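Whatever order the structure lists ligands and atoms in, that order sets their numbers, starting from 1. This one's a predicted model, so the numbers in the text were calculated from it and none came from an experiment. The first residue of the sequence shown is numbered 1, and numbering continues consecutively from there.
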Amino acid sequence: MKATAIANANIALVKYWGKRNKELILPFNSSISMTCDGLHTKTTVDFSGSYGKDTVLINDEELKKDEKNIMAHIERIRQMAGITDKAKIISESNFPVAAGLASSASGLAALTLAASKAAGLNLNEKELTILSRLGSGSASRSIPEGFVEWHHGEKEDGSDSFAESIASKSHWPEFRMLACIVSEARKPVGSRAGMAQTVDNCPYYEGWLKTVNDDIAAVKKGIAERNFTLVGSTAEKNTLKMHALMMTTTPAIIYWIPQTLEIMHSVMLWREEGLESYFTIDGGPQVKVICLQKDEKEILSRLSSLDCVIRAINCPPGGGAQLSNSHLF
Ligand code: DP6
């Protein structure tokens, strides 16, 4: 009745932005990510303490604003397992929460694995990705290892909208995501509310849907062939397209701050100078710089000389979500 899980964050190379079904968290398009070694969340769930109510502690703070419906997710798992016991949950991430570093992905993935195990369910990887998806879409991609595709699926019930590894972490160990933290503030607009507004009123959403399958095909080919230029350039273009959607949504969603732009321009300049790197940005100001291991030292040193970078975390492709015997309480 007590279990602990560790899940890595994942950063999308082709983004998910928009749901065809909000209740079941079914996306309009498939997405591809890398599971990141170095950015993780550890969560312990206990159903056996005869607790009077559910309590959730995330990085030492009690859950107040339940943006991701964590309580509903716990209830969903309880119902699946046919139990009624209340839970005590403690969760810790080794990076800033809710600032655009995919903390909800690793958080919901770790919660799903720990809670389902603690509730007595023994789900396989595909089932875990589907259950994690119901907590937060991108969390489905934090269950498998390495390079991961979340299939948009066609079915109304979501049974074919799952995530799977398309290449193991050892397929391309030289691939790097350098997560640059430029602000530790919580983001002003959550991705859930933001993407709903985009689907509702962004005039360019059709254009996104028309081109995103080409990006998926290019990134899959690039990963299979270890073609860094193809993966990096497609990922950067895809991120810019997603942020163009955000900016042209009413009300406008602008996650970039001056520090974000400084890194974007620097990466483009370094590329012109022959140092090949690309950027990707999610629902927050942080920039993830994509490069190969051979250039990581030089790029990390250039990043640290920029005043705007508080900290850069170097992430190779990481493993999938795992159970752990060392509980947080
Ligand atoms: C910009 O998975 O956080 O990071 O499904 O509503 O919980 P919900 O949204 P979430 O959205 C992630 C959006 C993104 C792009 C991506 O990771 O693909």
Side-chain angles (χ1 to χ4, degrees), residues 7-36 39 41 65-73 76 93 95-112 129-143 147-153 158 161-163 177 179 186-200 202 205 208 212 215-216 219 234-236 238-247 249 253-256 260 279-288:
N8 286 319
N10 72 81
I11 302 296
L13 297 163
V14 178
K15 309 291 185 186
Y16 145 57
W17 195 253
K19 297 176 179 69
R20 63 185 163 92
N21 180 321
K22 287 185 201 158
E23 281 68 46
L24 296 177
I25 311 208
L26 298 175
F28 275 107
N29 63 275
S30 297
S31 51
I32 295 180
S33 58
M34 188 191 92
T35 300
C36 296
L39 300 175
T41 302
K65 214 171 144 212
D66 190 3
E67 277 166 10
K68 295 283 180 182
N69 287 332
I70 288 174
M71 292 302 185
H73 197 55
R76 177 181 296 127
S93 297
F95 59 97
V97 168
L101 268 189
S103 58
S104 70
S106 56
L108 266 298
L111 174 68
T112 302
T129 72
I130 291 178
L131 184 55
S132 296
R133 188 203 78 219
L134 291 163
S136 176
S138 56
S140 64
R141 299 187 312 236
S142 271
I143 298 287
F147 296 87
V148 176
E149 179 172 9
W150 169 21
H151 303 279
H152 64 80
S161 184
F162 64 98
M177 240 352 136
R186 288 183 87 85
K187 54 189 171 187
V189 188
S191 40
R192 186 157 299 181
M195 69 174 81
Q197 285 161 7
T198 296
V199 171
D200 183 50
C202 174
Y205 198 63
W208 163 265
V212 71
D215 295 347
I216 289 276
V219 167
T234 310
E236 188 176 287
N238 183 267
T239 231
L240 289 170
K241 277 195 281 190
M242 178 181 72
H243 284 270
L245 295 179
M246 294 164 166
M247 289 175 192
T249 291
I253 307 159
I254 303 179
Y255 286 119
W256 300 350
T260 314
F279 57 78
T280 184
I281 306 157
D282 291 285
Q286 329 300 356
V287 182
K288 277 72 76 171

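- Residue S191 has at least one heavy-atom neighbour below 4.0 Å for each of these atoms of ligand 1: 3 (O), 9 (O), 10 (P), 11 (O).
- Of the N and O atoms on the side chains of S140 and T129, not one donor lies less than 3.5 Å from an acceptor on the other residue.
- The nearest heavy-atom contact from the protein to atom 2 (O) of ligand 1 is S138 OG, 2.6 Å.
- Judged by the shortest distance from any of its heavy atoms, S104 lies inside the 4.0 Å radius around the atoms of ligand 1.
- With a heavy-atom cut-off of 4.0 Å, S31 does not touch ligand 1 at all.
- Looking at A12 against ligand 1, only its side chain comes within 4.0 Å, counting heavy atoms.
- Residue-ligand proximity, K19 to ligand 1, at heavy-atom distances under 4.0 Å covers atoms 5 (O), 6 (O), 8 (P).
- Electrostatic pairing of D215 and K15 does not count as a salt bridge here, judged by no charged N lying under 4.0 Å from a carboxylate O.
- When only modelled atom types and interatomic distance are considered, T239 and T280 share a side-chain donor-acceptor pair under 3.5 Å.
- Taking only nitrogen or oxygen atoms, main chain and side chain alike, G137 reaches within less than 3.5 Å of ligand 1.
- Polar contact check, R192 against ligand 1: a nitrogen or oxygen pair lies under 3.5 Å apart.
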Original post:
Passes side chain to side chain contact (heavy atoms under 4.5 Å, CB included), H152 versus L26? Steps please.
Top reply: CA-CA 7 Å; H152 64 80; L26 298 175; over 6 Å; no
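- Atom numbering of ligand 1 starts at 1 in the shown order; those under 4.0 Å from a heavy atom of K15 are 18 (O).
- Here is the list of ligand 1 atoms found below 4.0 Å of a heavy atom in I25: 5 (O).
- Closest protein heavy atom to atom 3 (O) of ligand 1: K68 NZ, 2.7 Å.
- In this structure, Y16 has its ring center no closer than 6.0 Å to that of F28.
- Below 30°, between 30° and 60°, or above 60°: for F162 and H151 the angle between ring planes is between 30° and 60°, a tilted geometry.
- To the nearest 0.5 Å, the span separating CG on N8 from OG1 on T41 amounts to 8.5 Å.
- No side-chain donor from either of W17 and N29 sits under 3.5 Å from a side-chain acceptor of the other.
- For the residue pair S31 and R141, a side-chain donor N or O sits within less than 3.5 Å of a side-chain acceptor on the partner.
- Annotation: atom 11 (O) of ligand 1 to nearest protein heavy atom, M195 CE, 3.4 Å.
- The protein atom (non-hydrogen) at minimum distance from atom 15 (C) of ligand 1 is Y16 O, 3.4 Å.
- S30 and V14 make their closest contact through O-CG1, 4.3 Å (heavy atoms, listed as atom of the first residue, atom of the second, distance).
- If you check which protein heavy atom lies closest to atom 17 (O) of ligand 1, you get R141 NH2, 2.7 Å.
- Of the protein's non-hydrogen atoms, the one nearest atom 4 (O) of ligand 1 is D282 OD1, 3.4 Å.
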